[in-house]
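Here is the structure we will look at, set down as structure tokens.
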Amino acid sequence: MGAPGVTFGHMGEAPRRIPPTTDRMSAALMLDCSPEQIGPCARCQGLTVRYERHAQPVCASCQTSETKQEAPAARRRQALRGS
């Protein structure tokens, strides 16, 4: 098994939000951690590894969407620097 907090699913697939109504044991199996480490995402309230050593206050789904939103802005900044 991978490190706690690693997103489940196929390679290349965007991480999916784990609804807050999901059983904590099921979420723990998906996130490869213990049920005591499960908590709400600070942005969407979906479940994530929120406590202990590998804590992620923002779930993988929110992190991915944030990265996708930042990418065009980063390209624009890079283009402006190159001009």
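Computation of the quantities below employed the complete heavy-atom set of this structure, encompassing side-chain atoms and omitting hydrogens, waters and symmetry-equivalent molecules.
Summarising the geometry, atom CZ belonging to R17 is positioned 11.5 Å from atom OG belonging to S65; distances are rounded to the nearest 0.5 Å.
Counting heavy atoms from C-beta on, the side chains of C59 and I18 never come closer than 4.5 Å.
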Below 3.5 Å, can you tabulate the donor-acceptor pairs from side chains in residues 43-51 to any protein atom, sequence neighbours excluded?
from	atom 1	to	atom 2	distance (Å)
R43	NH1	E66	OE1	2.6
R43	NH2	E66	OE1	2.6
Q45	NE2	C41	O	3.2
T48	OG1	Q56	O	3.4
R50	NH1	P40	O	2.5

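Applying the side chain to side chain donor-acceptor pair (under 3.5 Å) test to T22 and every residue at least two apart in sequence or in another chain returns nothing.
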